[in-house]
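Data block below; observations after.
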Amino acid sequence: MDSLKPERLPVHLAVIMDGNGRWAEKRMLQRIVGHQKGVETVRVIVEECSRLGIRYLTLFAFSAENWLRPKTEVKALMALLKKFLRAEIKRMMLNGIRFNVIGNRSDLPPDIQNEIDLAIEKTAGNNGMLLTLALSYGGRQEIVCAAKSLAAEAAAGKLDPEQIDERMFGSSLHTAGMPDPDLLIRTSGEMRISNFLLWQLAYAELYFTEVNWPDFDRNELARAFRDYQSRERRFGMTSDQLRKEPS
Ligand code: FPP
């Protein structure tokens, strides 16, 4: 931990929390036990990121495609989510964390939607880390939704299509107002983006680890941050140009 440079931590960290099922199956346990352990990891990582001064933490908790999982697993995940939201409000208030959700909130059961609204409302005045859960989220769906809303404005004569640029398009996404992630971590050895933050990850550094999400801990997070700090982020420029920057 000591070798981390606080001034070079990512401003926005995004995480694909993968491998709960495999963690459980390896131990001859039910998949849901893996998700339960996964929630414990969420707590640890949220608290550690907040302690380290990360400003934005975005976690992929349930994809738009996860609805296709067996009904019992979906139900169990929703129950865990509800329990998490109820239990975490207190801790979020203690740590000054602001809560947010991206994705198709209206797909979620009404009781979960209520818990989400409550958590967002209660934590709205906090000014620490912004914790965003991606729920029923899909990157392509988000892009289509943004395109539709801009097209509707153009059709209504309120917007000249020529005015549409990257900034405006980005402001039409669920992540409006947030900086793009600097670092994406995916656990469990899979090396895919899986429809997560497709637009926003354009220049993110990608970090993949074999560790399953339930086993991901503070040390693993520090390892990911150290790796991130060893990268050179060029944004399409040359190393030479970067050295000459901020002139
Ligand atoms: C991937 O494991 C994990 C998910 C489907 C989502 C992550 C969910 C949690 C960490 C628990 C709920 C979260 C909150 C915030 C309450 P997997 O089932 O795809 O694992 P596998 O690929 O090994 O099957």
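This chain uses plain numbering: 1 for the first residue, then up along the sequence. Atoms within each ligand, like the ligands themselves, are counted from 1 in listed order.
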Quiz item: What part of Lys83 sits under 4.0 Å from ligand 1 if we count only heavy atoms: the side chain, the backbone, both or neither?
Solution: neither
Quiz item: Do Ile102 and Leu197 pass the side-chain contact (heavy atoms from CB on, under 4.5 Å) test, and can you show the C-alpha distance, the side-chain angles, and the key distance before you say yes or no?
Solution: CA-CA 10 Å; Ile102 55 172; Leu197 301 175; 3.9 Å; yes
Exercise. Would you please determine whether Glu25 falls within less than 4.0 Å of ligand 1 on a heavy-atom basis?
Key: no
Quiz item: Does Phe169 CZ have over 12 foreign heavy atoms under 6.0 Å away?
Solution: yes
Exercise. Would you mind finding which of Ala61, Ala87, Ala79 brings a heavy atom closest to atom 6 (C) of ligand 1?
Key: Ala61
Quiz item: Taking distance alone, with no angle check, do Leu77 and ligand 1 share an N/O pair under 3.5 Å?
Solution: no
Quiz item: For ligand 1, which atoms have a heavy atom of Val39 less than 4.0 angstrom away?
Solution: 11 (C), 12 (C), 16 (C)
Practice problem: Please indicate whether any nitrogen or oxygen in Trp23 is less than 3.5 Å from any nitrogen or oxygen in ligand 1. | Solution: no
Exercise. Identify, with sequence neighbours excluded, every residue that meets side chain to side chain contact (heavy atoms under 4.5 Å, CB included) alongside Gln30.
Key: Ile32, Val33
Quiz item: Based purely on interatomic distance, does Asn66 place a nitrogen or oxygen under 3.5 Å from a nitrogen or oxygen of ligand 1?
Solution: no
Exercise. First locate atom CE of Met129, then atom CZ of Phe99, and finally report the distance between them rounded to the nearest 0.5 Å.
Key: 11.0 Å
Quiz prompt | Glu121 CD: over 12 foreign heavy atoms closer than 6.0 Å | solution = no
Quiz prompt | Options Lys26, Arg69, Met17, ranked by nearest heavy atom to atom 19 (O) of ligand 1, top entry | solution = Arg69
Quiz item: Would you call Gln36 a ligand 1 contact, heavy-atom distance under 4.0 Å?
Solution: no
Quiz item: Does any N/O atom on Arg31 come nearer than 3.5 Å to any N/O atom on ligand 1?
Solution: yes
Quiz item: Would you say Ser188 touches ligand 1, if touching means a heavy atom closer than 4.0 Å?
Solution: no
Self-check item: Salt-bridge present (Glu40, Arg43; N to O < 4.0 Å)
Solution: no
Quiz item: Are more than 12 heavy atoms from other residues, nucleotides or ligands located less than 6.0 Å from atom CD of Glu162?
Solution: no
